[in-house]
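Letters A, B, ... mirror the listed sequences (proteins, then strands); counts begin at 1.
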There are 2 protein chains.
Amino acid sequence: MVTIKDVARVAGVSPSTVSRVVRGQGKVGKKCRAKVQKIIEEMGYRPNTNARALVSQRAELVGIVTPALHKPFFGSIAFGAEKASRLTSYQVMMRNSQNDPDLEVDAINSLREHGCENMILHSKFGDADTLKSLADKIPGLVFINRFLPEMASRCVWLDNVSGGRLAADYLFKQGHREMAIVSFNSNNEDQIDRINGVKQGLTARGLTLPEANIVLREDAGPDVNNMQEYCTHAVNELLSRDVSFTAIIAYNDEMAIGIMNALFDLGKNVPEDISVIGFDDLDIAQKCRPALTTIHYPIVEMAEYATKLSLQMTLEKEEVIGRTHLFMPTIVERKSVKKIDVV
Amino acid sequence: MVTIKDVARVAGVSPSTVSRVVRGQGKVGKKCRAKVQKIIEEMGYRPNTNARALVSQRAELVGIVTPALHKPFFGSIAFGAEKASRLTSYQVMMRNSQNDPDLEVDAINSLREHGCENMILHSKFGDADTLKSLADKIPGLVFINRFLPEMASRCVWLDNVSGGRLAADYLFKQGHREMAIVSFNSNNEDQIDRINGVKQGLTARGLTLPEANIVLREDAGPDVNNMQEYCTHAVNELLSRDVSFTAIIAYNDEMAIGIMNALFDLGKNVPEDISVIGFDDLDIAQKCRPALTTIHYPIVEMAEYATKLSLQMTLEKEEVIGRTHLFMPTIVERKSVKKIDVV
DNA sequence: CTGTTAGCGCGTTCAA
DNA sequence: TTGAACGCGCTAACAG
């Protein structure tokens, strides 16, 4: 391993000078700089990041903590963060939290031991006080996909209410007047927002959504293991209630597909018999048949933005306060919603 | 930040003693150890990994380099590696290579600057010489999903030939006698192996696969951007050749789904009219309809194994040479293959 | 069993 | 414009 001393010796200068050349800072004579630069390249010298982190008390590290990286939604967060980091000299370090608040704290702490000051945290279940105390210690901590009013300027999140409204509006424009919702009932606030958005959209059109048209289950959250089973139960439940609807609004794409499958298994056609709309716009939404009409969640862009925000918070003087970072979803029209002629 | 000196001062001992307690090594008096331990916990002391890495010349880091983390297959590699790392004190650092050999080398080098000695590399296009010279410098470099004969003991890979054979065998048992293959034609050796496997399977049954039943395209590899378009073209091509077959063997699940969609768009039913079989067993395979019969690729287990292997190579004395690490695929039976009664 | 010393590679003073 | 000296937090070698 070639060190700064090696370069200095060969170049006939002091380590300090090499250091100045490497960092492009400080006054160095023109000729001297060129010579040192040349030798650096010849010897293939690369600064030791550990030594740097030690002396400067900051590692150029972006930490990512998400529930499970093999899920495309979270993989996209990692992808976006890496994309943004690559523009700088920062590296990405990651940990899965498995949605366990304790593991989450473990993950964060172990990242901190590495001098990681920049972190993107996807936490749905960590309690606000814990997160607040973490944020006080970690200057570059940013929350993705969660809104904490007391730390609004660190939150990069999506307007789920708008997403719900978008779904209701779109269905209305396609001629639908009676809709149903299949979602979860957990601590996760996203689905509450999405449902409220749907209700708002309908109210604005002078329509209402009967409570019987909403299917929720107490014992499940978005990370339920057997999604298909859950959806099959939910669809059966909905049909057994004997309420009327022409479209189902799903909590997300995964559920939408589970619902389409359940309907398929019951011999019902989507969208001919029943329309279905999703949320997230995962890859799978364009790969299933019928291709899923859904609400696009710009997660890669959000992760890139979150990473840049985090970097800005630690690198620049100006505080990024007084505003939050709210992204807007959009609708992606595909084939799972039928156009109904309004009489 | 609380340092080893702080703990030493409060405990009334020397930093070395604290160090011994922390690492659980060396001789420390029973009472002394207990006291130091208590103070460590009270003060919330955590060793600075950068200082450790600096002095020991090795960081406890597992680096992962894959083409693109937002794809579930690669996300699963990261997931598996993290899962294995979490059992130790190692952290995971990751980079996307975007299938670009230059970016790949960049990624590896920047990982090395962090003292990362353990790396899991998913490289399909890096040339053998480059990889060999990398391997000489990086003691814990492991290749996943690639076989390099000269570095066999560092390769954790899948028996693609067996996978192809498995597909052919299964189809044969379901009564199929005439099959078609839709795949790619790039430098990637996987598809060649898989096709050879299919041929082997058929040969063993006394059957042959006419070349006209194989559709490949020169200008595309597994990372083709518009998979659906590619599959639609491929299916049209196959049908226009007017060859006879009852089942299509796809290169992977993504293609299989593209093929099913193309058939669907042409008004053909899977599996009633044509059977389809995939490869990989991604999440999507069980979520599409008909659910996809496919060859299971145990990628998470392989990534875990690769990580442990890498750790073993750097931590333990015994060399892990003289054998390679070949995983076997299995078949997962779902709904996309029709059972044909053999007359 | 415990403490002292030295040094990992680097950035940051402060003198020259 | 350049160099020498110091210390970041820790471990290893040695001394006691």
Side-chain angles (χ1 to χ4, degrees), chain A residues 1-37 39-40 43-61 89 91 109-117 315, chain B residues 1-37 39-40 43-61 89 91 109-117 315:
Chain A
M1 180 199 209
V2 32
T3 74
I4 203 169
K5 277 186 186 169
D6 299 327
V7 177
R9 189 167 18 78
V10 173
V13 296
S14 77
S16 319
T17 301
V18 179
S19 177
R20 289 184 188 103
V21 172
V22 169
R23 288 172 299 134
Q25 286 171 14
K27 309 286 180 187
V28 183
K30 215 170 173 179
K31 279 171 65 178
C32 178
R33 157 161 283 137
K35 188 176 75 178
V36 173
Q37 194 71 55
I39 291 173
I40 284 175
M43 301 183 70
Y45 166 70
R46 322 246 15 198
N48 179 314
T49 55
N50 291 117
R52 276 190 158 170
L54 183 58
V55 61
S56 64
Q57 296 287 30
R58 72 157 34 160
E60 294 194 324
L61 246 36
S89 50
Q91 281 287 346
N109 281 333
S110 86
L111 249 22
R112 286 224 293 153
E113 289 166 32
H114 287 262
C116 177
E117 282 191 324
L315 294 176
Chain B
M1 181 201 210
V2 32
T3 75
I4 203 168
K5 278 187 188 171
D6 298 328
V7 176
R9 189 167 19 77
V10 173
V13 296
S14 77
S16 320
T17 301
V18 179
S19 178
R20 288 182 190 109
V21 172
V22 169
R23 289 172 298 134
Q25 286 171 16
K27 308 287 182 186
V28 184
K30 214 169 174 180
K31 277 171 69 178
C32 179
R33 159 160 281 144
K35 188 175 75 177
V36 172
Q37 194 68 58
I39 290 172
I40 285 174
M43 300 181 72
Y45 166 72
R46 323 250 10 201
N48 179 316
T49 56
N50 291 115
R52 276 191 163 170
L54 183 58
V55 58
S56 65
Q57 297 288 30
R58 73 156 34 161
E60 294 193 325
L61 246 35
S89 49
Q91 282 287 344
N109 281 334
S110 87
L111 251 21
R112 285 223 294 153
E113 289 166 31
H114 287 264
C116 177
E117 281 192 324
L315 294 177

Does [N] have its OP1 or OP2 closer than 4.0 Å to a side-chain nitrogen or oxygen of [X]?
{"X": "A/Thr17", "N": "D/dG3", "value": "yes"}
{"X": "B/Gln57", "N": "D/dT11", "value": "no"}
{"X": "B/Arg52", "N": "D/dC10", "value": "no"}
{"X": "A/Arg23", "N": "C/dC10", "value": "no"}
{"X": "B/Ser14", "N": "C/dG3", "value": "yes"}

Candidate pair A/Lys35 and A/Thr17, rule side-chain contact (heavy atoms from CB on, under 4.5 Å), full reasoning:
CA-CA 11 Å; A/Lys35 188 176 75 178; A/Thr17 301; over 6 Å; no
side-chain contact (heavy atoms from CB on, under 4.5 Å) between B/Arg33 and B/Val36, worked out:
CA-CA 5 Å; B/Arg33 159 160 281 144; B/Val36 172; 6.0 Å; no
Looking at [options], which one has an atom nearest to any side-chain atom of [X]?
{"X": "B/Lys27", "options": "C/dG11, D/dC10, C/dC1", "value": "C/dC1"}
{"X": "A/Cys32", "options": "C/dT4, D/dT2, C/dG11", "value": "D/dT2"}
{"X": "B/Ser16", "options": "C/dT2, C/dG3, D/dC10", "value": "C/dG3"}

Rounded to whole angstroms, how far apart are [atom1] on [X] and [atom2] on [N]?
{"X": "A/Glu113", "N": "D/dC10", "atom1": "CD", "atom2": "P", "value": "10 Å"}
{"X": "A/Asn50", "N": "C/dG7", "atom1": "CG", "atom2": "C1'", "value": "16 Å"}
{"X": "A/Asn48", "N": "C/dG11", "atom1": "CG", "atom2": "C1'", "value": "13 Å"}
{"X": "A/Asp6", "N": "C/dC8", "atom1": "CG", "atom2": "P", "value": "11 Å"}

Indicate whether the side chain of A/Thr49 and that of A/Glu60 have a donor and an acceptor atom separated by less than 3.5 Å.
no
So which atom in A/Cys32 and which in A/Val13 form the shortest heavy-atom distance, rounded to 0.1 Å?
SG-CG1, 4.1 Å
Which is true for A/Val55 with a 4.0 Å heavy-atom rule: it touches a base, it touches only sugar-phosphate, or it touches nothing?
base
Check every strand shown and say whether A/Pro15 touches a base, only sugar-phosphate, or nothing at a heavy-atom separation below 4.0 Å.
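Result for A/Pro15 = nothing.
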Mapping A/Gly26 and A/Leu54 to their closest nucleotides on DNA chain D, which lands nearer the 5' end?
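The residue closer to the strand's 5' end, by nearest nucleotide, is A/Gly26.
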Under-3.5 Å donor-acceptor pair between A/Arg20 side chain and D/dG3 base
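It does, because a donor-acceptor pair links the side chain of A/Arg20 to the base of D/dG3 below 3.5 Å.
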Donor/acceptor link under 3.5 angstrom from B/Ser19 side chain onto base of D/dA12:
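Side chain to base: no pair present.
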The residue, B/Val13 or B/Ala51, whose nearest nucleotide of DNA chain C is more 5′ is B/Val13
Can you measure from CD (A/Gln91) to CD (B/Glu113) and round to the nearest 0.5 angstrom?
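Going from the CD atom of A/Gln91 to the CD atom of B/Glu113 covers 8.0 Å.
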